[in-house]
There are 2 protein chains.
Amino acid sequence: MPADRAPTRIQKKNRAAILEAALDVFSSHGFRGSTVDQIAKAAGLSKPNLLYYFPSKEAIFNELMTALLDTWLDPLRSLDPEGEPLEEILAYVRRKLQMSRDFPRESRLYANEIVQGAPRLHDVIATDLNVLVEEKAQLLQGWMDSGRINRAHPKHLLFSIWSLTQHYADFDAQVRTLMGEEDPFDAAPEYLETLYRRMLTPKP
Amino acid sequence: MPADRAPTRIQKKNRAAILEAALDVFSSHGFRGSTVDQIAKAAGLSKPNLLYYFPSKEAIFNELMTALLDTWLDPLRSLDPEGEPLEEILAYVRRKLQMSRDFPRESRLYANEIVQGAPRLHDVIATDLNVLVEEKAQLLQGWMDSGRINRAHPKHLLFSIWSLTQHYADFDAQVRTLMGEEDPFDAAPEYLETLYRRMLTPKP
DNA sequence: CATTGATTTGACCAACTGGTCAAACTCACG
DNA sequence: CGTGAGTTTGACCAGTTGGTCAAATCAATG
């Protein structure tokens, strides 16, 4: 393993290649379904060479997961209490949908973990994510109480946004097969915007 | 392997125990993440004994999957063209949600497969499910055209129902952690009913 | 261009995995 | 209770897997 000085040019390149390859492999086979050899080949390295840069398969996975979680929660963080409620929510939906289109592997990597019981993520969810969700649920509740959007269970509202947007990445194989020629992401933005508008636009 | 006569008492019991155990194991570790030994132990058998009843790990998986798919598509099949549109859709949502609550392992088994690209399911999806979806999308489109429910992309409408209802089974680990003491299935039915009512109730 | 640290690799290992097999055991039935 | 079919198991095998290691190769610095 490299000394803990500043990373060399080669170290940078190879570590990046490994993480990129690992994202590909882990997201489409899950942790146990992936082999170090697979990742090494996808990164253009030999297995011992890969293990020169990361101490173990799990270390690669953890680094990937940590980086993912950070960017994953960003859109929710930027739900702005000062903004116009409905537009804020719609913007959040749009951003999440974009992430499903642009980073489907990240979404599937996350989905794989949660579906299998979140063994390696339980702590982060129970602390970091939980705090964030409590805060934003309060915000939504406030908007509902002041009548600026329709009432609905705030946490379930968040779940529904995650579910609807990530579905296009996580169930991509199914969605694409059933949509035929049509690109799912053509109609999805409008569909979701309509859905949340009709649901949340306050009835006077 | 048992001769192909009528199954004995022991055969019935053990095959059932194996399938039950396999559902448990496969749904929480995926196909590659599960071992025959795990399944055997969960079924209270030795590995060779299990392989006396099923020729291979894959055979167990296939039998499980086939049985699952049949019951999985039932609720959609019974979407009734003669019924009241909005009530039919709401009934479908309710049934799907109930299945998520009562058969979460089945849901996760299915999710595991699709997330990983549906390698063993692609054919069924492209044929059976596709036909069913086309048919029901037509039905929904007809209801929209006649103004009995609001317009929305019919296939995306179906996707959204699947996504929202199965989320409670597939992401159970996350949902339960974030809901704390509250049972997610307490508020979910009302939340989803409200959502689809507001979205689909026609505005004259 | 020499030397030293960084990088790469072939050979290897122990643990695990899906699956086989012959021998032993159990059960239902006459 | 004996017998043959149905059931169970310990021992085993070959392939895979995560990971190690010493030796070989490469790159940058003086």
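Below, chain A is the first sequence line, B the second, and so on; all start at residue 1.
- When the P atom of D:dT20 is taken as reference, atom CZ of A:F54 falls 15 Å away, rounded to whole Å.
- Pairs of residues two or more places apart, or lying in two chains, that qualify as salt bridge (charged side-chain N to carboxylate O under 4.0 Å, His left out) and include a residue from residues 115-126 of chain B are B:E113-B:R120.
- Contacts between residues 19-42 of chain B and DNA chain C, defined by a heavy-atom separation under 4.0 Å, are made by B:S34, B:T35, B:V36.
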Donor-acceptor list for residues 182-190 of chain B side chains, cut-off 3.5 Å, not counting sequence neighbours:
| residue | atom | partner | partner atom | Å |
| --- | --- | --- | --- | --- |
| B:E182 | OE2 | A:H153 | NE2 | 3.2 |
| B:D183 | OD1 | B:R176 | NH2 | 3.4 |
| B:D183 | OD1 | B:F185 | N | 2.8 |

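- Partners of B:T8 according to the side chain to side chain donor-acceptor pair (under 3.5 Å) rule, which considers only residues two or more places apart in sequence or in another chain, do not exist here.
- Listed by chain and number, the residues in a ring-ring contact (aromatic ring centres under 6.0 Å, His included) with B:F31 are B:F26, B:F61 (sequence neighbours excluded).
- B:D70 meets the salt bridge (charged side-chain N to carboxylate O under 4.0 Å, His left out) test with no other residue; sequence neighbours excluded.
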Distances under 3.5 Å only, N/O to N/O: pair up the protein atoms with those of nucleotides 9-14 of chain D.
| residue | atom | partner | partner atom | Å |
| --- | --- | --- | --- | --- |
| D:dT9 | OP2 | B:S46 | OG | 3.2 |

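- For residues 35-61 of chain B, the set of pairs meeting the salt bridge (charged side-chain N to carboxylate O under 4.0 Å, His left out) definition, not counting sequence neighbours, is empty.
- In this view, A:R105 and A:E20, A:D24 satisfy the salt bridge (charged side-chain N to carboxylate O under 4.0 Å, His left out) rule, not counting sequence neighbours.
- Within the structure, ring-ring contact (aromatic ring centres under 6.0 Å, His included) pairs that include any residue of residues 77-105 of chain A do not occur (at least two apart or interchain).
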Polar pairs (N or O, both sides) under 3.5 Å between protein and nucleotides 25-30 of chain D?
| residue | atom | partner | partner atom | Å |
| --- | --- | --- | --- | --- |
| D:dA28 | OP1 | A:R9 | NH2 | 2.8 |

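- Residues satisfying the salt bridge (charged side-chain N to carboxylate O under 4.0 Å, His left out) criterion with B:R77, sequence neighbours excluded, are B:D74.
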